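Both ligands and their constituent atoms are indexed starting at 1 by order of listing. Computed from a predicted structure; not experimentally measured.
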Amino acid sequence: MPKQPSGDFPFPADADRMHRFDPEMTGLILEYVAERLAMHETSVDGLGDRRHLEQAVAGLIGDEPREASAVLDIYVNHLANTILSADSPRYHAFIPAAPTKASLLFDMVVSAASLQGCSWLEAAGAVIAENQALRVMSDLAGLPASAGGVFVSGGSAGNLSALVVARDTARRARIQSGLPEVRMRVVVSDQAHSSIKNALNITGMDALIVPTLDGRLEGGVLRETLSDDADLSDVVAVVATAGTTNAGIIDDLAAAAAVAAEHGWWFHVDGAYGGAGMLSRHLRDRYAGVERADSLVMDPHKWWFAPFDSAALIYRDPRLAKAVHTQDASYLDVIHEDDEDFNPSDLAYHLTRRARGMALWFSMAVNGLDAYRDAVDHSLALARYAAARIDEDPDLHLIREPDLSVVLFRRVGWLHADYEAWGQRLLHEQTAFVTHSAWRGETVGRLVFLHPATTTEMVDEVLATLG
Ligand SMILES: *Cc1c(COP(=O)(O)O)cnc(C)c1O
């Protein structure tokens with residue numbers, strides 16, 4: 001027994017009370033998890049009433065303990081069903097999720113084992129595993145063997161961390177050449193994801209916007225826009241999107257890469273959603289040029305079938321990222337001693353991090369990459385199926401042939417409010433979750449396919465509601 005210290009901080013009577021193993025609570029939670037995992041098709045759910053929800057949780061957290069079963073009941077009966085199931089095969093809005101069972105299970109291991117994926121010192125085994133998964137993604141993109149990266153919380157975090165490296169690498173080069181500090185610019189298309197704009201705001205850079213005709217960054221327009229610009233000396237990077245979120249369009253990556261190389265600019269590819277399309281046996285050519293990226297983002301929590309939250313951020317030369325992102329603190333020196341290895345914490349703006357690549361790693365190994373290729377092809381096939389049905393329906397108009405798994409369409413005669421009412425009706429009936437979008441200023445319908453359990457019958461069901 002330790003000695004009782006004097007003063008105001010007596011040893012607690014039961015230091016173990018929050019940390020003891022409770023077989024009953026464990027059983028409850030695992031049973032719930034097993035039930036959820038056993039569902040072939042999760043229901044769409046969603047639509048919570050704020051007042052009702054506030055009542056459901058009112059006073060729940062107090063000074064005294066509560067029964068785990070009672071709290072879990074509140075979650076199951078009042079909260080869970082008001083959370084849209086992004087992993088429902090009927091979820092066609094935004095970008096859906098479809099984590100594999102293996103990835104979900106292993107995510108629980110990551111939690112239960114408190115894996116802190118910060119550095120080699122703390123988590124060598126986790127870093128090796130995550131790097132193995134990153135290697136698969138990096139090889140798919142055709143990046144060199146020296147490429148490396150880290151899993152961050154999302155595409156937004158990945159884009160931001162990459163653009164910080166682009167900025168500071170350019171800044172260092174400017175200083176070395178005796179050039180003055182300037183506010184820098186980054187070339188982006190008008191279809192770049194909102195997180196890019198956000199990252200530019202945060203990093204104090206401006207966008208040099210290249211207009212798109214059909215939603216795609218094209219080499220010709222890119223070069224024209226640049227030649228119309230009076231002074232490009234403040235430009236430091238080009239961002240291209242490999243799969244725009246709104247329409248699933250892959251930019252002309254080869255042209256963007258060439259332009260970046262000619263000017264000595266950083267080339268960043270945002271493949272948060274669409275990068276996984278490279279897994280398809282039929283689409284790889286569309287990504288020509290991605291192998292020249294200085295940095296690339298792909299979200300496992302989107303089309304790589306992993307749980308939230310996870311984005312792979314890969315650098316052609318991780319040393320540049322390390323030079324920018326390594327946090328300097330004397331108590332951290334011990335984790336930086338081995339200069340050969342890249343600590344995950346040194347490659348983005350974070351320090352402590354969940355080893356969030358492990359779920360993907362486990363699933364890749366357990367399922368094999370052919371299963372991933374097939375799952376991506378299934379989404380592509382569904383999008384083409386939906387596009388063909390839309391194309392043959394006189395009431396519907398296909399906006400463009402889908403490159404990836406997003407389908408945009410117009411319902412002839414519908415206005416904004418009609419699309420809105422349509423989405424609400426489908427959600428109310430639990431037929432599907434769909435949201436409208438915009439195309440060249442016009443409200444349009446948008447369907448995204450990602451889940452391997454989505455069937456053509458489900459697609460027909462949705463399209464039948466457009467009559
Ligand atoms: C989803 C998406 C992002 C943002 O990713 P988060 O994981 O939501 O932060 C960035 N770019 C593109 C192209 C996306 O589709």
Side-chain angles (χ1 to χ4, degrees), residues 84 86-87 91-99 103 107 137 141 149-164 166 186-203 207 209-210 212 215-217 237-253 256 267-279 286-287 290 293 295-314 348-350 353-354 356-357 359-360 376 379 383 402-408 435 437-438 446-450:
L84 279 162
D87 61 346
Y91 187 109
H92 306 302
F94 311 122
I95 302 288
S103 69
D107 211 38
M137 303 172 98
V150 58
F151 290 95
V152 294
S153 64
S156 307
N159 286 334
L160 173 60
S161 295
L163 287 174
V164 168
V186 173
V187 179
V188 303
S189 97
D190 58 10
Q191 297 296 305
H193 189 264
S194 50
S195 62
I196 296 289
K197 189 171 167 220
N198 210 29
L200 294 181
N201 268 334
I202 295 170
T203 52
I209 296 175
V210 181
T212 59
R216 182 173 191 253
L217 177 70
V238 179
V239 174
T241 310
T244 59
T245 318
N246 191 37
I249 297 166
I250 304 162
D251 285 345
D252 186 343
L253 303 179
F267 178 41
H268 176 68
V269 177
D270 179 2
Y273 151 59
M278 286 189 278
L279 283 163
R286 303 274 187 102
Y287 293 83
V290 67
S295 50
L296 166 66
V297 164
M298 293 191 273
D299 280 9
H301 67 214
K302 286 180 174 169
W303 214 2
W304 284 86
F305 310 106
F308 301 121
D309 49 8
S310 182
L313 165 60
I314 303 170
Y349 65 72
H350 53 202
R353 60 178 291 277
R354 178 178 175 81
R356 54 168 68 82
L360 175 66
V376 164
S379 325
D403 285 344
L404 297 177
S405 67
V406 185
V407 181
L408 295 180
T435 48
S437 184
R446 177 174 177 272
L447 297 170
V448 188
F449 301 99
L450 200 143

Distances under 3.5 Å, N/O of ligand 1 against N/O of the protein: list each pair and its distance.
residue  : atom   : partner : partner atom : Å
ligand 1 : 5 (O)  : Gly155  : N            : 3.2
ligand 1 : 5 (O)  : Asp299  : OD2          : 3.4
ligand 1 : 7 (O)  : Gly155  : N            : 2.7
ligand 1 : 7 (O)  : Asp299  : OD2          : 2.6
ligand 1 : 7 (O)  : His301  : NE2          : 2.9
ligand 1 : 9 (O)  : Gly155  : N            : 3.2
ligand 1 : 9 (O)  : Ser156  : N            : 2.8
ligand 1 : 9 (O)  : Ser156  : OG           : 2.7
ligand 1 : 11 (N) : Asp270  : OD1          : 3.1
ligand 1 : 11 (N) : Asp270  : OD2          : 2.6
ligand 1 : 15 (O) : Thr245  : OG1          : 2.7
ligand 1 : 15 (O) : Lys302  : NZ           : 2.9

Legend entry - Derivation and outcome, side-chain hydrogen bond (donor to acceptor under 3.5 Å, both in side chains), residues Ser295 and His268: CA-CA 5 Å; Ser295 50; His268 176 68; 2.8 Å; yes
Inset, instruction - Using the test ring-ring contact (aromatic ring centres under 6.0 Å, His included), find all partners of Tyr349 that sit at least two apart in sequence or belong to another chain. - result: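 Not a single residue meets the ring-ring contact (aromatic ring centres under 6.0 Å, His included) criterion with Tyr349.
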Legend entry - Set of residues satisfying ring-ring contact (aromatic ring centres under 6.0 Å, His included) with respect to Tyr287, sequence neighbours excluded: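 Partners of Tyr287 by the ring-ring contact (aromatic ring centres under 6.0 Å, His included) criterion come out as none, since no residue qualifies.
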Legend entry - Closest non-hydrogen atom pair, Ala348 against Val150: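 Taking every non-hydrogen atom into account, CB-CG1, 4.3 Å.
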Legend entry - Asp299 to Ala311 - nearest heavy-atom pair and separation: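 Reported closest heavy-atom pair: OD1-CB, 3.0 Å.
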Inset, instruction - Please list, chain by chain and in numerical order, all residues satisfying salt bridge (Lys or Arg N to Asp or Glu O under 4.0 Å) with Arg446, sequence neighbours excluded. - result: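 Residues passing salt bridge (Lys or Arg N to Asp or Glu O under 4.0 Å) with Arg446: none at all.
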